[in-house]
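Down below is the structure, laid out as structure tokens.
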Amino acid sequence: MELPRLAGLRIEAGKTQEDIAAVLSCSREVYRRYERGVYDLPLWALNILANYYHTTTDYILGISDIRRPL
């Protein structure tokens, strides 16, 4: 499943795929595949990114339009 919000959050934060790959301790190519939906984003990575971007996992996954946690 492609995760367009993941790319949007990264771009909005002014970060490169390489920057976010470093946050996840993976290669840029692996991260790129997460963004494009080639690889499923693991739950551990989803949690790290939600905390990093100060948002909810549901927002990243496109389940909710509520960006900020309550």
Side-chain angles (χ1 to χ4, degrees):
M1 169 174 74
E2 188 172 355
L3 298 173
R5 287 189 175 167
L6 198 55
L9 287 166
R10 175 182 56 78
I11 292 165
E12 185 179 294
K15 302 295 182 182
T16 65
Q17 288 180 338
E18 192 167 302
D19 294 333
I20 303 305
V23 170
L24 297 177
S25 299
C26 67
S27 70
R28 186 199 63 81
E29 183 61 24
V30 167
Y31 178 75
R32 182 188 71 80
R33 290 177 182 180
Y34 290 151
E35 273 192 11
R36 293 189 176 202
V38 175
Y39 292 167
D40 288 334
L41 184 64
L43 291 177
W44 63 265
L46 178 62
N47 284 324
I48 288 171
L49 293 173
N51 287 326
Y52 182 80
Y53 292 122
H54 305 288
T55 191
T56 64
T57 56
D58 283 355
Y59 180 80
I60 292 173
L61 295 173
I63 295 169
S64 172
D65 290 331
I66 298 171
R67 186 168 176 178
R68 301 285 179 207
L70 301 176

task: Verify side-chain contact (heavy atoms from CB on, under 4.5 Å) between Ile66 and Thr56, making sure each step is shown before the conclusion.
output: CA-CA 8 Å; Ile66 298 171; Thr56 64; 5.7 Å; no
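- Contact record, Tyr31 with Ile20: CE1-CG2, 3.4 Å, taken as the closest heavy-atom pair.
- Every residue two or more places apart in sequence or in another chain was checked for a side chain to side chain contact (heavy atoms under 4.5 Å, CB included) with Ala22, and none qualifies.
- Atoms CZ and CD, from Arg33 and Glu29 in turn, are 4.0 Å apart once rounded to the nearest 0.5 Å.
- For the atom pair CG of Leu46 and CG of Leu6, the computed distance is 8.5 Å after rounding to the nearest 0.5 Å.
- Nearest heavy-atom pair, Tyr34 versus Asp40, reported as atom, atom and distance to 0.1 Å: CE2-O, 3.5 Å.
- For the pair Glu35 and Lys15, the salt-bridge criterion is not met [side-chain N within less than 4.0 Å of a carboxylate O].
- Counting heavy atoms of neighbouring residues, nucleotides and ligands inside a 6.0 Å radius, atom CG of Asp58 exceeds 12 of them.
- Here Asp65 pairs with Arg5 in a salt bridge; the nearest charged N to carboxylate O distance falls below 4.0 Å.
- Within a 6.0 Å sphere centred on CD of Glu18, other residues, nucleotides and ligands contribute 12 heavy atoms or fewer.
- Separating the OH atom in Tyr59 from the CG atom in Leu49 is a distance of 13.5 Å, to the nearest 0.5 Å.
- Using a 4.5 Å cut-off on side-chain heavy atoms (C-beta onward), Tyr53 and Arg10 make contact.
- Checking side-chain atoms of Thr57 against main-chain N and O of Asn47 turns up no donor-acceptor pair under 3.5 Å.
- Residues passing the salt bridge (charged side-chain N to carboxylate O under 4.0 Å, His left out) test with Arg36, sequence neighbours excluded: none.
- Side-chain heavy atoms closer than 4.5 Å link hydrophobic residues (I, L, V, M, F, W, Y) into clusters, and following such links, even through other members, never connects Ile11 to Leu41.
- Taking CD1 from Ile60 and OH from Tyr52, the interatomic distance works out to 12.0 Å, rounded to the nearest 0.5 Å.
- Atom-to-atom distance recorded for Leu3:CG and Leu9:CG is 10.5 Å, nearest 0.5 angstrom.
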